[in-house]
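Everything below concerns the one structure shown next.
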Amino acid sequence: MSTIAAIGAATLAMLAAIGRITIFAGQTASHVLRPPFYFKEFAQQLLQIGYFSLPVVGLTTIFTGGALALQIYAGGARFNAEAVVPQIVAIGMVRELGPVLVGLMIAARVTSSIAAEIATMKVTEQLDALVTLSTHPMKYLTVPRVLAALIVVPLLTGVGDIIGILGGFLVATKTLGFNEAAYLQNTADFLQLSDILSSLAKGAVFGVIAALMGCYYGMNSGRGAQGVGAATKASVQAAAILILAANFILTGVFFSA
Amino acid sequence: MIRLTDVKKSFGSNHVLRGINLHVPKGESMVVIGGSGTGKSILIKSVLGLVTPDAGTIEVDGKDATKGDRDAFLARFGMLFQGGALFDSLPVWQNVSFRLMRGALKRPKEEAREIAIEKLRRVGLKPDVADRLPAELSGGMQKRVGLARAIAADPEIIFFDEPTTGLDPIMSGVINDLIREIVTEMGATTMTITHDMSSVRTIADKVAMLHDGVIQWTGPVGEMDSADDPYLNQFVRGSAEGPIESVR
């Protein structure tokens, strides 16, 4: 009986958390549409989330693209299909690995940073100070971060896709003997516009999830250093799980049938 | 000016405020004293709407504090937080002029900076502090910056939450004197939360003693030492013996 009660309690807690996050997302959406707008904070977040994430996105995707080329070449050799490396690298990076890896890297780098920053602001009464200075924390902190992520994470995903394909290209042409011009031609011929658009759309959704989770857990953190640490950890866990779940759903929506 | 009537607030089974009745007339400096964890900060946060009371009414100038234009209501207040609550990412002058750079009180950037530097000078800080980040300042300087921010928009009502906590006795005296001077020259209505008796004697016109969720005693600061309230006497003497339980 106690096992059933524990499962029930965990289920209720999970549903309550989903409800709170949904309400938080709804509140964020309503604040996006109503002034005042903090353009300076928005511009700062474009830099923080977008520009400063370029190195980690570039390194992650170039190594993954290279490894993917090696794997496809080795696997394809089992049934004389080594020649499909350009096509599979392109489709694998653009449809799946690019957006997912960028989303997870953003969750690791940006979600954690947002959650820790806002949680520290809460613990040190800076959120209360914002309110007493007639500034709504959702408008000043959440809206600029979520909007910036909505805009720059798809761009980062596009950059990640290109760098990932470049990683595969370098490995294939420098170590596996592929012709450079033929590799690029195969890549360009095989990719469709819908592949690229689905990749960017996934990036937008993952960006919103990453920023929203950072803000939600930051604003709802517990007290003290332990509260900040717990909020940061929970935000990254939630963002990563939601990104992977959203990826599954979006893949179904874009590519089933 | 500020009237709290039967204000109650609980957090789960912890009944922090059990029915607060308190009146702060216009232009008066009210200091609320009481032990740690007695709900002093919750009291002023309730007035500002940072905490929603479970019961009771809070009126400012006879109007319900929970109703009406929230921005206009908050624009009447300045607040010095216990830890300063300065925004880490902004330089000192932008912290001080935060309210003057956005919203209804927005001024041109240069004017906001000039006002910030003037307010910093008023609390004894030199203009070169203006471009530093809060993390580069000592605790006493951060308190002064917080004080400058609290008075930047010339508010009618100022709240001070533990203004001398964490400061050495000399810096505490400096902050107390500054608060008294500024409050007198601005003619503001103030509520100060503290358990520092030197702050009480410097800042207060009136004193209210909060214990066990209610105001145990209230009266002019001059009557504090001669009052026959056992709770107040024990607190003022700093004695472990008396009706207030002390954990040793």
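Note that this is a predicted model, so its numbers are computed, not measured. Below, chains carry the letters A, B, ... as their sequence lines are ordered, and counting in each starts from 1.
Counting heavy atoms of neighbouring residues, nucleotides and ligands inside a 6.0 Å radius, atom OH of Tyr51(A) does not exceed 12 of them. The neighbour count for Phe73(B) CZ, taken as heavy atoms of other residues, nucleotides or ligands under 6.0 Å away, is above 12. Other residues, nucleotides and ligands contribute over 12 non-hydrogen atoms within 6.0 Å of the CD atom of Glu185(B). Atom CZ of Arg34(A) sits in a crowded spot, with more than 12 heavy atoms from other residues, nucleotides or ligands closer than 6.0 Å. More than 12 heavy-atom neighbours from other residues, nucleotides or ligands sit within 6.0 angstrom of CZ on Arg107(B).
When heavy atoms are compared at a cutoff of 4.5 Å, Thr124(A) approaches chain B solely by way of its backbone atoms N, CA, C and O. Heavy atoms closer than 4.5 Å to chain B are found in both the backbone and the side chain of Leu130(A). Heavy atoms closer than 4.5 Å to chain A are found nowhere in Leu80(B), neither backbone nor side chain. Only the backbone of Leu86(B) comes within contact range of chain A, with heavy atoms under 4.5 Å apart. Contacts between Asp161(B) and chain A at a heavy-atom distance below 4.5 Å involve the side chain alone, from C-beta outward. Interface residue Lys40(A): only side-chain heavy atoms are found under 4.5 Å from chain B.
Contact detail for Arg99(B) and Ser134(A): the closest heavy-atom pair is NH1-OG, 2.9 Å. Taking all atoms of both residues into account, the shortest heavy-atom contact from Arg149(B) to Ala129(A) is NH2-CB, 3.7 Å.
Phe98(B) and Tyr140(A) have perpendicular rings, their planes meeting at more than 60° on a 0 to 90° scale where under 30° would count as parallel.
Remark: Asp88(B) CG to Gln126(A) CD distance equals 4.5 Å, nearest 0.5 Å. Distance check: Glu41(A) CD to Ser89(B) OG gives 8.0 Å after rounding to the nearest 0.5 Å. For the atom pair Leu133(A) CG and Asp71(B) CG, the distance stands at 11.0 Å (nearest 0.5 Å). Thr132(A) OG1 to Phe81(B) CZ: the interatomic distance, rounded to the nearest 0.5 Å, is 4.0 Å.
Below 4.5 Å, heavy atoms of chain A meet heavy atoms from Lys45(B), Leu48(B), Leu50(B), all part of residues 22-61 of chain B.
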